[in-house]
Amino acid sequence: MFTDFSPARLTVSPSSSQLFDRDSVSLSCEEDDSFAGWTLRRNTTTDTRTQCEDWGEPAGSSCNITGIDPMDSGVYWCQSTQGATSNSINITVTGGAVILQSPVLPVMEGHDVTVRCEARSPPSSLPAAFYKDGSLIGAEPTGHMTIRRVSKADEGLYTCNISGHGASPPSWLSVTERPAATAPPSDSTPLQLVPRLVLHLVVFCPYFISTLLMVSLYLRRPTGDDLPVSMATAAASQAEQRLAEDYDDVMAVTTEHHF
């Protein structure tokens, strides 16, 4: 129902999906279009689509709630005068002794995320056990647990328990997929590759032709007479020299056009 297709983004401070009753909280519509007339709305067990004026203190595009109550648990979102809506946030307010502080916004795949088990009475950071979808996933002496490089498999319903204090309400951890990586643009276009191909051909051909010429002269040399062999060798050397000179001329022209 509440899709994030608008330029507004709802944030909450403190950034936690669970709060103790009588805590204070501030919700804000971070907007790109200040003329859209963004207001805070919510759905709870007692009201539907009501505005901030009915349950909080409006402050521009923000809404402050002092002394929040379990009846304030519900879904909150921003809505413009044209009917556009922001992302939605679920807030749970408990009168119990323990809450689970988890990200109120979806976490992107590959990022680390930390969840904390907080007790109402000090000290708040006590050893805690953490559960996902009802199964124990770890016990931490400091009361907080970090999930490294989250994936869609880490998405689920999380709770925590502090011995002697009790368990927190469940909290849903949402994970979004990482955007697909785009291939970097190629450094060379097809037209830029043509001079390189010509250059390679110019370098290779003279040596190939000179080798063929040497083999041909060698196979055609008369047997038993050293003079024709010497003449053939001299002729091959002259031919190779001419090819080298032609190669230098071609390289000079290619370099001039390439640069």
Side-chain angles (χ1 to χ4, degrees), residues 1-94 99-116 133 147 149-158 168-183:
M1 178 180 177
F2 308 114
T3 56
D4 186 12
F5 59 85
S6 70
R9 180 172 178 266
L10 176 60
T11 61
V12 58
S13 179
S15 182
S16 177
S17 58
Q18 294 184 12
L19 300 167
F20 288 118
D21 61 341
R22 298 190 297 277
D23 281 349
S24 296
V25 63
S26 177
L27 301 104
S28 300
C29 296
E30 297 181 351
E31 51 191 329
D32 294 334
D33 184 3
S34 60
F35 298 99
W38 296 97
T39 58
L40 269 297
R41 292 182 180 271
R42 75 177 188 181
N43 287 342
T44 67
T45 56
T46 58
D47 51 38
T48 302
R49 302 181 68 82
T50 53
Q51 298 185 26
C52 173
E53 289 83 354
D54 299 324
W55 39 265
E57 301 173 2
S61 57
S62 299
C63 187
N64 302 317
I65 308 176
T66 303
I68 199 168
D69 185 86
M71 298 298 290
D72 292 311
S73 298
V75 181
Y76 292 75
W77 74 95
C78 303
Q79 184 167 327
S80 72
T81 54
Q82 291 78 24
T85 58
S86 70
N87 60 300
S88 60
I89 288 177
N90 287 277
I91 294 178
T92 300
V93 184
T94 179
I99 62 171
L100 176 66
Q101 290 187 335
S102 61
V104 70
L105 297 174
V107 182
M108 184 175 293
E109 281 184 322
H111 289 188
D112 296 345
V113 60
T114 298
V115 292
R116 301 178 184 276
D133 299 328
I147 306 172
R149 298 180 179 179
V150 296
S151 65
K152 292 294 287 185
D154 295 309
E155 195 171 65
L157 204 61
Y158 287 76
S168 72
S171 180
W172 181 263
L173 177 65
S174 181
V175 180
T176 59
E177 295 182 356
R178 182 187 296 272
T182 57

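Just so you know, residue 1 is the first one in the sequence shown, and it goes up from there.
At least one side-chain heavy atom of Glu53 sits less than 4.5 Å from a side-chain heavy atom of Pro58. Annotation: side chain of Thr11 is in contact with side chain of Arg9 (closest heavy-atom distance under 4.5 Å). Two residues are said to be in side-chain contact when any heavy atoms from C-beta on lie closer than 4.5 Å; Pro103 and Leu173 meet this criterion. In this structure the side chain of Ile91 reaches within 4.5 angstrom of the side chain of Leu19, judged on heavy atoms. Proximity of Ile65 to Glu57: side-chain heavy atoms (C-beta onward) are nowhere separated by under 4.5 Å. The side-chain heavy atoms of Arg149 and Asp112, taken from C-beta on, include a pair separated by under 4.5 Å. For the pair Trp55 and Met71, the minimum side-chain heavy-atom distance is 4.5 Å or more. Put simply, the side chain of Leu105 reaches to within 4.5 Å of the side chain of Asn87, judged on heavy atoms.
With Asn43 contributing its side chain and Val75 its backbone, the two residues share no donor-acceptor pair below 3.5 Å. No donor-acceptor pair under 3.5 Å is formed between the side chain of Gln18 and the backbone N or O of Gln101. Judged purely by atom type and a 3.5 angstrom limit, Arg41 has no side-chain atom pairing as donor or acceptor with the backbone of Thr50. Checking side-chain atoms of Asp133 against main-chain N and O of Leu157 turns up a donor-acceptor pair under 3.5 Å.
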Evaluate side chain to side chain contact (heavy atoms under 4.5 Å, CB included) for Val175 paired with Met108, printing each intermediate quantity in order.
-> CA-CA 6 Å; Val175 180; Met108 184 175 293; over 6 Å; no
Under the side chain to side chain contact (heavy atoms under 4.5 Å, CB included) criterion, do Val115 and Leu100 qualify, and how do the steps go?
-> CA-CA 7 Å; Val115 292; Leu100 176 66; 4.0 Å; yes
Verdict with reasoning, Asp69 to Val93, per side chain to side chain contact (heavy atoms under 4.5 Å, CB included) = CA-CA 6 Å; Asp69 185 86; Val93 184; 5.7 Å; no
Given side chain to side chain contact (heavy atoms under 4.5 Å, CB included), test Cys29 with Leu40 step by step and report yes or no.
-> CA-CA 8 Å; Cys29 296; Leu40 269 297; 3.3 Å; yes
Determine, stepwise, if the pair Gln51 / Arg42 fulfils side chain to side chain donor-acceptor pair (under 3.5 Å).
-> CA-CA 7 Å; Gln51 298 185 26; Arg42 75 177 188 181; over 6 Å; no
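Here the straight-line distance linking atom CG of Leu27 with atom OH of Tyr76 works out to 7.0 Å at 0.5 Å rounding.
Closest approach of Glu109 to Glu177, counting heavy atoms only: OE1-CA, 3.4 Å.
Of the listed residues (Ser16, Ser17, Ser15, Ser168), just one forms a side chain to side chain contact (heavy atoms under 4.5 Å, CB included) with Ser102, and that residue is Ser17.
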